[in-house]
Amino acid sequence: MEESKGILIEGMRKRYGEGDTAVDALKAVNMHVTPGEVVGLIGPSGSGKSTLLKCLGAVIEPTAGRMTLGNKVIYDNGWQIKDLRALRRDNIGFVFQAPYLIPFLDVTDNVALLPMLAGHSNAESRKRAVALLEALDVAHRAKAMPSQLSGGEQQRVAIARALVNQPPVILADEPTAPLDSERALSVIRILNQMAQQYQTAVIVVTHDEKIIPTFKRIYHIRDGGTHEEAGEGQALG
Amino acid sequence: MISLAARDVLHTWGKFVFTGVGLGLLIGVTLTMAGVYRGMVDDAKVLLNNSGADMWVVQKNTLGPYAEPSSVHDDIYRSILAVPGVDRAANVTYLTMQVRQGEHDVRAMVVGIIPNSPGEPSHLLAGRQITRSHYEAVVDIATGFKLGQTIRIRRHNYTVVGLTRRMVSSGGDPMVFIPLRDAQEAQFLKDNDAIINERNRTAANPAFSHPEVLDAVINSQSSNPFVNAVLVQIKPGFSAEKVAEPIQRWQRLQVYTRDQMEEILVAKLIATSSKQIAMFLVILAIVSAAIVAFIIYTLTMGKIREIAVLKLIGTRNRTIAGMIMQQAIGLGVIGFVVGKVSATLWAPMFPKYVLLEPGDALRGFIAIVIICILASLLAIRAALKVDPAEAIGG
Ligand SMILES: Nc1ncnc2c1ncn2[C@@H]1O[C@H](COP(=O)(O)OP(=O)(O)OP(=O)(O)O)[C@@H](O)[C@H]1O
Ligand SMILES: [Mg+2]
C-alpha cells in the first residue's frame, strides 16, 4: 500500500450560493497534516472553519481545488470518488463538540457499529471496539448506555468511534468545548497518543484557550485563507 | 450487523409498547367488526341449515319469509306434496316478538312448526322435541330460559321442553319453537274485547242473518288459515330447480331454492349492514394508518441528530430506511397480537354472534403490515432528507 500523505489541501475554494447572495467562505486554503500529527485550526467566528471540515469530511462539495486524504486524491475540481459514504466510513473519523453517541446502542456497539457497517463480523467488530475502549480507559463502562456516562467518558467513547476503522484522518470540531480544563487536556493527550500509534492525521478545530498552547502547529484561518504558525507545543504531562 | 431497529425499540420500549397497545385495541375493534359481519352471514346460513329445507314456497312476488312478509294458505302444502320429487313439506310461521318469562322478557323469533316435519330443530342440547300439539316450546339457550320453565307468548303459557343452541333469526334473535296451531293463533290473536266487538258487528250485519252463515263467518274470523311459508324437502336424485318449476307455474307461488335463499339473506337482508361495516373498516384502517404514521414520524424526528451522525459515519440510506420500516412493522405486529387477543377475549361477550375467521385475521395482518409500511414512508422520506453535514453543525 502506498504511504499515507495524511491530509493535503491545495488551493481549495468554497462558494455558497450564486450571484449577488454568494458567499466566498473559503478563498485559498492550503494545508498539510502529516500522519501522526495533530494540528489546530483556529479563526474568528464565520471564518470558514466548519466549512473546511465539511469539505474535508465529504459532506459538502468544494468549489475548486484539490484534496488528498491518506493515499487517495478524493477531490480534484470534482469528486474523484463515487461512494462518499464509504469514503467517510473507511477514511475519516469524526469527533464533534457533543459526542453524539447513538443513544439506543451501548458503549461497545456505538464503537463497533462502524466496523460492522464496513462489513466486519459482529464478534470481530466488538473485539476491536473493546480494545480501543481499553486504550481510552473506558472499557469498564463497555456495557453502559451513553446516557449513563459522564461528559468526559462520552467524549472518549466518541474518540474510540472515530478511531475504530483506523482511518488515516480524524476531523475534530471543538471536541473539548464542554469539558473542564483537565478533561480537555486529557482528550488532546489521547488524540496525540492515538495519532502516533495509528499514524493518523488529526485536525482539531477549536476556540478553546485551554488547549491551543498544546499544538505544535496551528493554522489560522482569516478572510477565507489559511496561514500557518508554529504553536507552543506544550508538553501534555 | 446488529438490528438498529430492534435496539432502538428496546431502548424506548415504553413508548413503543403503549402505542402498540393503543393501536392493538383499534385493530381489535376492526377484527371484531369483521367478526360481526361474518357472524351475520353465519347466522343467516345457520337459519337456513336449521330449517332443514331444500326449498321455500312463499307468497308470489315476495322475498319471504325472512326478508319480506309472506303469507300463503295453510292447505297448499297438500298440493305441493303431490308434486313429483317432493319428499316432505310442512307449514311454518315466523314472528319476531317479546317472549316473557317471570319478570323479564326476551326478544325472540317465534317459529310455528309441525312436530316431526321440516322446520323442527335438527338437534337438541337437552330435553325433547315438541310432541303435543299445544303449549309446549323448544327454546334456544340464548333466550336464557331453562327446561321446565313456563314462558308466555301473547295470551298463552308454554312449558319449555327442549333446548337448542345457535338457533337464531337472521337478525340474531334466538328462536322459540311452538306448535304451528298456537303460532298461527298468536300471529292473529286479538284481545277479548276486540273479538266481542267484531262478533257483535258481524251479527248486526244483515248479510249474515242466516244463523249457519253467521256461525261460519265468525269461525273464519277467529281462526287464521295462513302461514308464512311451506318448507319443502326434496327426494334424493331430484334437482331443486326441476321440482320448483311446476309449483311456481301452476300454483302461482314463489319458490326459492337453498342457493337463492342464501343469496336473498346475504345479499339483500344484510347488505346495508355489511356496507355499514365496510365503511367502519375503511375508517378504522385510515385511523390506524394515521396513528402509525404519526408515531413513527415523531419517533424518527426525535432521532434526526442520530440519523445525521449515522449518515456521516457512513450508514447507507437503505439501512436507515430499513430501521424505520422495521419499527413501523414491529408496531403493526404488536398491534396485531394485542388486537387479535383482545378481539378473541371480548367476542363472546357480544350479544350477537361474532365469528372471528382465521382468514380474516390473516387478511387483517397483511393489511396492517401494508398500512405500516405505507405509514413509515413519510418518516423515511424525512430521514433520507437529513443532511449528514448537520452532524458537524456550524
Ligand atoms: N450553508 C450555507 N450557505 C450560505 N452561507 C454559509 C453556509 N454555511 C456557512 N455559510 C457562511 O460561510 C461562512 C463560514 O461559515 P462557517 O460555518 O464555516 O464558519 P465557522 O468558522 O465555523 O464559524 P463559527 O466559529 O462561528 O462556527 C460564514 O460567513 C457563513 O455565514
Ligand atoms: Mg463552526
Side-chain angles (χ1 to χ4, degrees), chain A residues 45-46 49-61 83-106 108-122 125-126 145-147 158 161-162 164-165 167 171-174 205, chain B residues 1-20 295-296 298-328 330-331 334 379-380 383-394:
Chain A
S45 180
K49 302 182 296 292
S50 297
T51 303
L52 178 54
L53 279 199
K54 284 177 194 172
C55 289
L56 265 178
V59 290
I60 62 174
E61 186 171 359
D83 189 349
L84 295 178
R85 275 177 208 245
L87 169 79
R88 289 198 295 267
R89 187 187 66 208
D90 300 334
N91 294 281
I92 308 169
F94 292 93
V95 182
F96 316 102
Q97 176 170 348
Y100 296 151
L101 300 176
I102 308 297
F104 50 81
L105 298 180
D106 67 17
T108 309
D109 283 346
N110 255 284
V111 178
L113 180 62
L114 276 97
M116 287 177 190
L117 288 174
H120 294 280
S121 74
N122 288 2
S125 303
R126 291 202 174 109
M145 298 307 279
S147 60
R161 178 173 69 183
V164 68
N165 275 351
L171 304 176
D173 195 4
E174 313 256 10
V205 169
Chain B
M1 187 61 200
I2 46 177
S3 161
L4 294 174
R7 295 302 189 87
D8 189 17
V9 169
L10 287 179
H11 187 65
T12 48
W13 67 270
K15 211 190 260 178
F16 212 77
V17 166
F18 266 122
T19 316
I295 196 75
I296 290 294
T298 318
L299 287 174
T300 306
M301 286 301 108
K303 287 194 295 263
I304 285 298
R305 178 126 260 161
E306 286 79 28
I307 288 170
V309 172
L310 282 172
K311 283 188 167 185
L312 184 70
I313 65 179
T315 313
R316 306 204 165 276
N317 280 344
R318 211 183 325 126
T319 312
I320 293 170
M323 170 174 102
I324 296 170
M325 193 172 281
Q326 284 167 33
Q327 290 183 343
L331 206 53
I334 295 180
I380 289 175
L384 294 191
K385 271 204 288 195
V386 173
D387 186 352
E390 267 178 49
I392 297 182

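What you see is a predicted model; the values in this text were computed from it and never measured. Note on naming: letters A, B, ... go to the chains in the order of the sequence lines (proteins, then strands), and numbering restarts at 1 for each one.
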> Using a cut-off of under 4.5 Å for heavy-atom pairs, which of B/Val309, B/Leu312, B/Leu10 has the most such pairs with chain A?
Replying inline: B/Leu312
> Who among B/Thr319, B/Leu310, B/Ile2 has the most heavy-atom pairs with chain A under 4.5 Å?
Replying inline: B/Ile2
[X] versus [Y]: any side-chain heavy-atom pair under 4.5 Å?
X        : Y        : answer
B/Ile313 : A/Ile92  : no
B/Leu4   : A/Ile102 : no
B/Met1   : A/Leu113 : yes
A/Asp106 : B/His11  : no
A/Leu117 : B/Arg316 : no
B/Pro388 : A/Arg88  : yes

> Atom CZ in A/Arg89, atom OG1 in B/Thr315: separation rounded to 0.5 Å?
Replying inline: 9.0 Å
>> Please rank A/Leu84, A/Asp83, A/Leu53 by heavy-atom pairs under 4.5 Å with chain B and give me the top one.
In response: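 Going by pairs under 4.5 Å, I would pick A/Asp83.
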> Is a side-chain donor or acceptor of B/Asp8 paired with a backbone partner of A/Phe104 at a separation under 3.5 angstrom?
Replying inline: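 Judged by distance alone, no pair lies under 3.5 Å.
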>> Has B/Arg305 got a side-chain atom pairing as donor or acceptor with A/Tyr100's backbone, closer than 3.5 angstrom?
In response: no
> Side chain, backbone, both or neither: which part of A/Pro103 has a heavy atom under 4.5 Å from chain B?
Replying inline: both
>> So for A/Leu101, is it side chain, backbone, both, or neither that comes closer than 4.5 Å to the heavy atoms of chain B?
In response: backbone
> Which atoms of B/Lys311 come close to chain A, meaning under 4.5 Å heavy atom to heavy atom: side chain ones, backbone ones, both, or neither?
Replying inline: both
>> Do the side chains of B/Asp387 and A/Lys54 get close enough for a salt bridge, i.e. N-O under 4.0 angstrom?
In response: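 No.
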